[in-house]
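Heads up, the thing below is written out as structure tokens.
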Amino acid sequence: MKKFLQFAGIISLALAAVGFILMMATHAMDYAASNSLANASGWYSGVAVIFGKGPYEVSASVLGFGGTGQGTFEGTLAWNALLGWIFALAAMIILLLGVVLPLLKINALQKFAGLLNLIAVGLLVVGGIFLFFTVPAFGAANEWDNTNNWALGAGWVVAAILYILAGAVAIAPAAANFLAKKK
């Protein structure tokens with residue numbers, strides 16, 4: 001357990017980085033609808049949802065005849081996706097400082113290390129929770145009538161979970177210290 005706590009900052013940073021990459025590289029939202037005559041599917045990329053401009057794809061077929069269209073979405077971003085992205089980026093910078101500065105023997109932030117770690121934990125957890133509300137926020141921002149058959153992309157679900165897990169790992173050393181003092 002002591003080894004884990006010693007490397008909690010690096011582990012948390014790695015989890016957040018993987019989540020960040022997933023957020024940028026995977027589909028933010030997926031669409032799938034079908035009945036006995038027709039099928040339709042589509043997706044918006046993470047970049048399109050975060051920044052309001054990026055790739056998307058739509059496919060439709062009726063009785064086996066149809067096609068696929070791709071393009072660049074230019075519309076309104078989802079506010080919570082952008083905030084989740086910013087929060088994750090800020091938390092990763094804070095975690096990186098927490099890992100690198102002690103190695104360089106720079107004690108300038110020693111007084112504030114606990115506070116900075118708490119800020120990183122808060123940013124990661126809130127950013128992860130924000131990602132779960134992307135579909136309704138994106139639909140509302142782009143004035144969709146409904147978001148039926150739209151779902152959060154698997155990569156974004158995993159990214160949100162990784163952000164929350166990274167926050168839990170980052171708070172583990174402080175929690176262990178608190179519990180040790182309590183005894």
Side-chain angles (χ1 to χ4, degrees), residues 1-32 41-57 70 72-73 77-104 106 109 112-139 141 147 150-177:
M1 182 68 168
K2 204 168 202 169
K3 280 283 194 201
F4 169 76
L5 293 176
Q6 183 180 0
F7 294 109
I10 295 171
I11 295 168
S12 180
L13 179 60
L15 290 170
V18 170
F20 192 79
I21 291 167
L22 283 172
M23 194 175 168
M24 297 295 293
T26 61
H27 302 160
M29 297 174 29
D30 293 315
Y31 178 82
S41 64
W43 52 262
Y44 284 96
S45 70
V47 175
V49 173
I50 295 168
F51 301 114
K53 184 175 182 178
Y56 74 95
E57 180 178 289
Q70 295 180 339
T72 300
F73 169 77
L77 56 88
W79 65 269
N80 58 327
L82 179 62
L83 281 179
W85 184 82
I86 291 170
F87 287 178
L89 187 61
M92 287 189 307
I93 291 170
I94 292 169
L95 290 170
L96 184 63
L97 286 174
V99 169
V100 172
L101 291 180
L103 296 175
L104 299 175
I106 299 174
L109 295 177
F112 304 108
L115 180 61
L116 288 175
N117 195 32
L118 188 61
I119 291 169
V121 168
L123 289 172
L124 285 169
V125 170
V126 171
I129 291 170
F130 274 178
L131 293 188
F132 286 117
F133 300 104
T134 299
V135 173
F138 188 72
T147 55
W150 282 97
L152 195 60
W156 275 46
V157 171
V158 172
I161 292 168
L162 286 175
Y163 287 157
I164 294 168
L165 185 60
V169 170
I171 199 73
N177 286 342

Among F73, W79, W150, F133, ring pair (Phe, Tyr, Trp, His ring centres under 6.0 Å) partner for F138: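 Result for ring pair (Phe, Tyr, Trp, His ring centres under 6.0 Å) with F138: F73.
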Between N117 and L95, is any pair of side-chain heavy atoms under 4.5 Å apart?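 They are in side-chain contact.
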Taking C-beta and beyond as the side chain, do I161 and F132 meet within less than 4.5 Å on heavy atoms?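 Yes, close enough: below the 4.5 Å cut-off.
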Shortest non-hydrogen contact between [X] and [Y], atoms and distance:
X	Y	answer
S12	A170	OG-CB, 3.4 Å
M23	W156	O-NE1, 2.9 Å
L124	A16	CD2-CB, 3.9 Å
A166	L15	CB-CB, 3.8 Å
A81	V49	CB-CG1, 3.9 Å
M24	V47	O-CG2, 3.8 Å

State which residues pass ring-ring contact (aromatic ring centres under 6.0 Å, His included) with Y56; sequence neighbours excluded, sorted by chain then number.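 Scan of Y56 (ring-ring contact (aromatic ring centres under 6.0 Å, His included), adjacent residues dropped) gives Y44.
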Rounded to the nearest 0.5 Å, how far apart are [atom1] of [X] and [atom2] of [Y]?
X	Y	atom1	atom2	value
I86	L123	CD1	CG	10.5 Å
L118	I94	CG	CD1	10.0 Å
L82	T134	CG	OG1	11.0 Å
L131	I50	CG	CD1	8.0 Å

Listed by chain and number, what are the side-chain hydrogen bond (donor to acceptor under 3.5 Å, both in side chains) partners of D30, not counting sequence neighbours?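 If we apply the side-chain hydrogen bond (donor to acceptor under 3.5 Å, both in side chains) test to D30, skipping adjacent residues, the hits are H27.
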Ring centre gap for F20 and W85 strictly below 6.0 Å: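 Yes: the rings meet the under 6.0 Å criterion.
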T26 (side chain) donor-acceptor with L22 (main chain) under 3.5 angstrom: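 Indeed, once roles are kept as given, a pair shorter than 3.5 Å links the two residues.
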Which pairs with one or both residues in residues 43-57 pass salt bridge (charged side-chain N to carboxylate O under 4.0 Å, His left out), sequence neighbours excluded?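 Only K53-E74 qualify under salt bridge (charged side-chain N to carboxylate O under 4.0 Å, His left out).
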